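Below, all heavy atoms of this structure are taken into account, side chains as well, without hydrogens, waters or symmetry copies. What you see is a predicted model; the values in this text were computed from it and never measured.
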Amino acid sequence: MSRVITVLGLVVLFLGATSTFAQNATINVSGTVTDAATGRPIEKEYEIVFIAHKSGKRISTKIDKRGTYLQPLTSGDSYTVILSSYFILRKTDTIVIEPTNKFHTETHNYKVHQISQGDELARLCAFEPGQSTLAVNSRNQLNALLETFKENVELQIVVMLNQEQNPPLPPPPAKTVKSSKKHAKGAKNAAPEVQPETQAQQFLEVDPHLYDTRIEELKRFFSAAKNSEIRLRIEQGPNLLAAPGQQNLVVKIGEVKSILDD
């Protein structure tokens with residue numbers, strides 16, 4: 001009797017495994033990837049990657065110059081989808097492929113952001129007047145910028161930091177001097193004429209130490225991203241009069257090329 005039960009158990013396991021296998025047929029996942037700005041393919045070859053959640057298996061295939069791709073995947077699993085290259089901003093998605101025992105094709109289209117040198121990523125008040133620590137009110141924008149820099153491992157950026165000018169000192173009061181002209185008769189009590197002295201032009205001063213300290217703070221902040229020392233360039237922007245909330249930092253796309261080419 002026990003032997004019969006054992007045999008029946010094996011049959012049940014076999015049928016269950018067969019049923020599970022039958023429900024997880026391979027299907028084709030295909031689609032088109034276009035530039036979000038133009039709606040057209042980027043006309044370059046790059047990869048789209050699928051990472052299976054159950055096994056962790058990483059599968060990649062080419063996106064051709066027409067923007068199309070095709071990749072067979074096992075049904076009954078979910079996948080993280082990653083599109084990345086040095087000329088686009090990284091895009092991720094998650095797709096779920098329901099269990100099926102029939103072969104078919106699923107379509108998943110994507111839009112990506114192509115980048116060009118000089119594109120502006122951010123413009124913000126990174127430092128308040130006289131301060132060398134990053135402004136609290138700009139933290140959310142700065143953190144989002146850092147995440148973009150970290151996720152796009154070949155992205156190169158140019159950070160333009162303005163120097164802060166101090167307000168000029170108020171001019172000294174004008175001195176009253178006697179006029180060289182003679183007053184007419186009967187005008188002995190006339191008020192003396194006021195002739196302002198010629199003042200030397202007053203230049204707004206900048207604090208080079210404050211500027212250098214801010215540069216070091218920016219380098220420290222962006223050092224959380226891989227290879228930041230070769231992907232980050234800091235340039236001096238125009239001098240600006242110190243004022244609360246003054247936008248003093250502009251971040252732009254640097255040279256668009258693979259860092260592997262260096």
Whether [X] side chain and [Y] backbone form a donor-acceptor pair below 3.5 Å:
| X | Y | result |
| --- | --- | --- |
| N28 | L70 | no |
| N109 | T32 | yes |
| H108 | E106 | no |

- Query: Quick one: is the NZ or CZ of K91 closer than 6.0 Å to the six-membered ring centre of Y110, and within 45° of its axis?
  - Reply: no
[atom1] of [X]: more than 12 outside heavy atoms within 6.0 angstrom?
| X | atom1 | value |
| --- | --- | --- |
| H113 | NE2 | no |
| E43 | CD | no |
| H209 | NE2 | no |

- Kindly write out the residues that satisfy ring pair (Phe, Tyr, Trp, His ring centres under 6.0 Å) with Y86, not counting sequence neighbours, or none if the list is empty. none
With a 4.5 Å cut-off on side-chain heavy-atom distances among I, L, V, M, F, W and Y, is there a chain of contacts connecting [X] to [Y]?
| X | Y | answer |
| --- | --- | --- |
| Y211 | V250 | no |
| V29 | I51 | no |
| L240 | V251 | no |
| L218 | V158 | no |
| I82 | L89 | no |

Heavy-atom closest pair, residues [X] and [Y]:
| X | Y | value |
| --- | --- | --- |
| A225 | R231 | CB-NH1, 4.1 Å |
| G237 | N162 | C-ND2, 3.6 Å |
| Q131 | R214 | O-NE, 2.8 Å |
| F127 | T133 | CD2-O, 3.4 Å |
| G130 | E164 | N-OE2, 2.9 Å |
| Q246 | L241 | OE1-O, 4.0 Å |

Nearest 0.5 Å, what's the [atom1]-[atom2] distance between [X] and [Y]?
| X | Y | atom1 | atom2 | answer |
| --- | --- | --- | --- | --- |
| Q114 | S85 | CD | OG | 9.5 Å |
| S138 | L145 | OG | CG | 11.0 Å |
| I234 | E216 | CD1 | CD | 8.0 Å |
| R90 | L155 | CZ | CG | 12.5 Å |
| K62 | E47 | NZ | CD | 5.0 Å |
| M160 | R233 | CE | CZ | 8.5 Å |

Does the side chain of [X] reach to within under 4.5 Å of the side chain of [Y], using non-hydrogen atoms?
| X | Y | answer |
| --- | --- | --- |
| L121 | F149 | no |
| D35 | R40 | no |
| Q71 | I48 | no |
| E98 | V96 | yes |

- Query: With under 30° as parallel and over 60° as perpendicular, where do the rings of F50 and Y79 fit, or are they tilted in between?
  - Reply: perpendicular
Using the rule side chain to side chain contact (heavy atoms under 4.5 Å, CB included), only one of [options] pairs with [X]; which is it?
| X | options | value |
| --- | --- | --- |
| I97 | T26, D77, T74, L73 | L73 |
| I88 | V256, I42, I115 | I42 |
| L83 | V49, I63, D93 | I63 |

- Task: Answer yes when R220 and E217 have at least one side-chain N-carboxylate O distance shorter than 4.0 Å, and no when they do not.
- Result: yes
- Task: Kindly determine whether L249 and V159 satisfy side-chain contact (heavy atoms from CB on, under 4.5 Å), including the steps that lead there.
- Result: CA-CA 7 Å; L249 191 75; V159 175; 3.2 Å; yes
